[in-house]
Structure formats: structure tokens, C-alpha cells
Amino acid sequence: MKCPLFTGLSFLILPSIEPPRVQFIVKLIEANGGSMVDSLINDTVILINDTFVESHTLRKSELFHSEWSYDEELWYKLVSNEQLEFFKLSWLSECLKHQKLLDKADFRARLMEEDNGNSNSPHVDAISIETQSSAEDTEVEDQTLDFDVQTELLKSDANVMASQSVIEDTSESKSTVKPNLALTRALEQLFKKYRLQGDTYRARGYQLALQSIESHDKAITSEQEALSLPNIGPSIASKIQTILKLGSLPGLNEADKNEELLDYFMACHGVGAQTARKWVSNGITSLTEALKAYPSDFTWNVLFGWRFYEDWSVKIPREECADHLALMEKALRDVDSSARIVLTGSYRRGAATCGDIDTVLYKPGCDDIWTLSQILEKLVLRLKGMNYIRCPLNLNHALGQEFKPMIETLTHAAGFHESYVSGPKEVLKKFYFGGKLPSNTTHGLSKTEQQVPRLKFEDSLMSESDQNTHCRRVDILLSRWSQLGAVMIYFTGNDDFNKSLRIRATKRGWKLSNNGLYQSNANTEKKDLLIESFDERRIMSLLGVVWCPPEERNIKGYI
DNA sequence: AGGCGGTACTG
DNA sequence: CAGTAC
DNA sequence: GCCT
């Protein structure tokens, strides 16, 4: 006996099942044992009406969107999940014609608009083929209909391992020979030196030069050769000449006591290049001395930076990030059951350890910042009540009242007597804080022997550190629903990736920010025109960047 | 000569 | 406004 | 610092 052709398969047809032709096909599916769904469940086969596909590539996603007949959240799930595969509806009719299940691969439809021959696109292709074969039998964990963007992200993170093995043999990661070590070392020192001095652009100049030498795999033997590389100009080229002749740059290798101090101060949250430089040039050698000499530099959030100086310089194991998220999710459900919070930052890029925990908070369909702000405020209060939030780093008026006692305890400990007056700001667009999990949930003490900056003994009085549970830096960013894509790009990074996108935007007369991709209107004083802000994929594709999953956005230099 | 990211928060 | 952080 |  034979089962009908589509037994056990579920189908989602996009963008709508309303057209008569689609209705006809739906009848055939059901007659052959298949079922229709209107949301993503395991193993759902996603089919695109062929009229929206041009030669294996999805045509304009805005048209796609305008004929959308499912709910908005499904749209977002689909465009935000880089692991999903789409197939042309004609696969179905072919199967019926031949009365057997044909290879879907020949009917794959890709979700992008431009393809500028970027060198890594075949590489991306390889990954999606690679994961497709194993996806079907490994994903058995969630059966719920109510999974959301966050589950999508977790799933794609679970696939990091698979993609890494692919990256390993296709990329040149094994080229361990570094023919220009003397040069790159010197440039790195110069980069650090100027960054510490707050000369960010000069520092950037050295950093870019460093990167172009690193990606040049031959040994550089002349000033001429150096000059021909991008981002290497007369000044750096002549320094290179000197190094080639003398073996090193005069006056660079002395271990600089001042640079060490600058590093020490700037590792404190809230102390930047200007402040650190001022202290150092006035002979200050510790935070305690700085507090006496420059009390006004010690705002309450620098004091928190001091208190958690050591905790905040240790990396967070990936697993712990998920625990923080789970805790916040639970609290958020009680505040607003339809609001969502997701992990972004280096976590979403697949990192094994993260410097901080970056999250985005949104509510499907909600563009009203005031509503979102209220949700965030309530969430923060709940988290504070659970003793999870140990210190705030920014506040609005209402939260200022709530955290006043906590802040005054701190400022009094530092010897200040003024009382804290909360600012006038009513809406809260983001909340940065230090959070600590209850000690019972602590993860296996990871043996990451990380070289951690320690406080000097005389500075350790203000500090609060705990062997088993660390206080972590957590960022919550609000996003309007309509701007979720731009916010996700911005907060997922990495920095160089974002810079590349912004540069591409400016080249096209646009500007990219965390609010979206806009047509800039410099001359006329009209407002900038929105091009796209919701769809992460479309923003990238408009900028001529082939879609890449977060794990591949860990780039160095520009793309 | 002027550009190098755009935005939110603190004081 | 400068300074800091993201 | 380098690039336009």
C-alpha cells in the first residue's frame, strides 16, 4: 500500500493563499495527504507563488509585503531568519505531474534583490545547502505554534557549529605565516597610543593601515611597495622604511608608564580619553587620588564604574547570557505578554564569550515610544524588585525617583553630600545597567583564564566583587516595530560591519542609522525620506551587501 | 581643506 | 556645550 | 593618520 504523495508534510504558501490558482493547488495538496499551515512549525515547507520569483530570486520584497495576507509577525519571522529556505510553488505542480517528490533544491528561491558578485556568496550558498540536509531530522525541540523571533535566533545560533566547519575549509584561516610582523607590531602600538590619547582619527588611520598590511600576504620590502597599499600614505610609508632599515621605530618600544595608566583609568566605565588624559598629565596615579583632585569628574555613573571595575572587565560565558535573557523574559511576560526581548550583540554573532549582554525590546505592531517606554519602566522596576538590577547607568525621571536611595548610598560612600536630583526626561529609549543572577543559577565556573585588569590596592575600597557570581553589564534598547530591522543591524554589529554599511549608504546619498535607511536631504530643509527600516535583509540588499547571517558579521576592516 | 557614524544620556 | 557610551 |  502507498501513502498519498504529501503525507505528513505541511505547507505555507506565500504571500497569500487567496488567489484562485493557489486555492486550486491547496485542494490538490489536501487531496494528496498534505496540510496547510499559516505559521511556522517544524518542517514546514515554505513555498513562494512563482509570480513573485524571477529566476530563483525573489522579486521586490515590498510588492511581496503589500500582498501579504498573514499576520505581521510571521512576515518578520520569515525575513529575519537567515536559515530558512524558500521554494517555488511550481515544485508542487511538478511533483504532482510526476507523481513523486522531486528534489526541492532545483526550485530554491533566494530572498535578495541585488547580487554584486561579492566573493563570499558561494560560501554562503554552501552553508545553506550544508544545513538543509541535516535540519530536517535534528530540529525536534519546539512543537509550539507560538514561537517567535527569539526562537528563530536561537535556532540559527545552534547552527553556528555547522557553519564554522564550512568556513574552516573554504577560507584562508590557516595561513599562519605573518611575513610583516615587525611592521604590524609597530602599527598596532601606534594605533593604541593614539587611541589612548583620544586622537581617534589618527588612531583609525593606523588601524586601517595595519589591516591592509595584514591582508597583504607577501613580505613588504620597500617604501614603494608599502605606499601602493590602501590606507598607507607618505607618513606611514616612511615609518615602514625606517623599520626596514633599522629593525624598529626609534622611541616606540619604551614601555610607557603613562599609557599603562591611561589604560587603567579608561577601563573604568564613564572614564574616557579626555578625562584620563587630564588626570595622567596632572600626575594622578590612582582613582582615589583622582577623586580627591577632581571630585566633579566622579559622576554617579563613574562611581558605579569604579564599584564594578573588575566585574565588568571579565567576559561572560555564552550560556550565562541566555540565563539573563530567560530571567528578563519571565519578568517581561508579567508586564506585557505580547512584548518581546531578544539577544543581539556578540551573542547573536555566535561568540563563545561576550563582553556585555545586548538586548532589544519591542512589541509587535507597536510604534509608540511612549508605550514602549512604559513597558521598559515597569520591567526595570520588576527586575530591581528581584534584586537582579544592582546599578542603573542611565535614568529618566520616574526611575530616578526609584533609584535615588541606591545612588545616594553610593555618592555618600564616595564622600559627597549632595542629594541626587533626577532629570526631567520622561521617556526612556534605552536602559543600561549592571545585573547579577541569583547565585544558585550560576554556571560552571568557566576556566577562561582571562587576563583581567585589576584595581590597584588603594582603589579597591570602593569596589564590590564576588568570586562566584559577577555583576554583568546589560543593555536594553527599545525598538519601534517598524524600525526593528535597522535596530537589529545596529545592535548586532560588529562595529566594522556597521561602519561598512554606513559608508555604503553615504556613497549612495543615503544615511543609515539605528532608525533606518534614509535618503538624506542636506540642502532642502525637508525631512529625510525613509527608504527602509523594518527589514534587515532589505536594508543590506539595498546597500549592495549579500545577506549574511550574524555569525559572519565578525569582520575586520571594511567590506 | 575637510571628511572620517549617528544617536542618547549626563552634568 | 563637552564628554562618554553604544 | 588617509582619502576625496
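Please read all numbers here as calculations on a predicted model, not as lab measurements. We name chains A, B, ... by the order of the sequence lines, and we start the count at 1 in each one.
By the side chain to side chain contact (heavy atoms under 4.5 Å, CB included) test, A/Ser338 pairs with A/Asp336, A/Lys363, sequence neighbours left out. Residues passing the side chain to side chain donor-acceptor pair (under 3.5 Å) test with A/Asn494, sequence neighbours excluded: none. For the side chain to side chain contact (heavy atoms under 4.5 Å, CB included) test, residues two or more places apart in sequence or in another chain that qualify with A/Arg307 are A/Phe304, A/Leu410, A/Glu464. With sequence neighbours left out, A/Lys278 forms a side chain to side chain contact (heavy atoms under 4.5 Å, CB included) with A/Asn282, A/Tyr294, A/Asp297. The side chain to side chain donor-acceptor pair (under 3.5 Å) search around A/Glu408 returns A/Lys404, not counting sequence neighbours.
Within residues 281-310 of chain A, the residues that place at least one heavy atom under 4.0 Å from DNA chain B are, in residue-number order, A/Thr299, A/Trp300. Residues from residues 212-244 of chain A that place a heavy atom under 4.0 Å from any atom of DNA chain C: there are none.
Taking OG1 of A/Thr285 as the start and NZ of A/Lys456 as the end, the distance is 5.0 Å to the nearest 0.5 Å.
Applying the ring pair (Phe, Tyr, Trp, His ring centres under 6.0 Å) test to pairs two or more places apart or on separate chains, those with a residue in residues 368-388 of chain A are A/His324-A/Tyr388, A/Tyr388-A/Phe433. Residue pairs meeting the ring pair (Phe, Tyr, Trp, His ring centres under 6.0 Å) criterion with at least one partner in residues 181-229 of chain A, sequence neighbours excluded, are A/Tyr194-A/Tyr206. Evaluation of the ring pair (Phe, Tyr, Trp, His ring centres under 6.0 Å) test over residues 233-266 of chain A, restricted to residues two or more places apart or in two chains, returns A/Tyr264-A/Tyr309, A/Phe265-A/Trp279.
The minimum heavy-atom distance linking A/Arg195 with A/Ala273 is given by the pair O-CB, 4.3 Å.
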Using a 4.0 Å heavy-atom cut-off to protein, can you give one letter per nucleotide of nucleotides 1-6 of chain C, 5' to 3': B if the base is in contact, S if only the sugar-phosphate is, - if neither?
--SSSB
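Closest-nucleotide positions on DNA chain B for A/Lys499 and A/Lys429 were compared, and the one nearer the 5' end corresponds to A/Lys499.
With both ends at atom P, the span from B/dG5 to D/dC3 equals 15 Å, rounded to whole Å. One P atom belongs to C/dA2, the other to B/dG3, and the distance between them is 16 Å to the nearest Å. The gap from the C1' atom of C/dC1 to that of B/dC4 amounts to 22 Å, rounded to the nearest Å.
A/Asp459 contributes a side-chain N or O that, together with a main-chain N or O of A/Thr288, makes up a donor-acceptor pair within less than 3.5 Å. Under a 3.5 Å cut-off, the side chain of A/Asn514 and the backbone N or O of A/Val487 do not form any donor-acceptor pair.
The CG atom of A/Asp199 sits 12 Å away from the P atom of D/dC2 (whole-angstrom rounding).
Taking only side-chain nitrogens and oxygens, A/Tyr201 never comes nearer than 4.0 Å to OP1 or OP2 of D/dG1.
Using a 4.0 Å heavy-atom cutoff across all strands shown, A/Arg204 reaches no nucleic acid atom at all. Residue contacts shown for A/Ile503 are absent, as no nucleic acid heavy atom lies under 4.0 Å away.
A/Lys239 and A/Ser235 are linked by a side-chain donor-acceptor pair at a separation below 3.5 angstrom, with hydrogens and angles left out of the test.
From the 5' end on, the contacts that DNA chain B makes with chain A at under 4.0 Å to a non-hydrogen atom open and close at B/dC4 to B/dG11.
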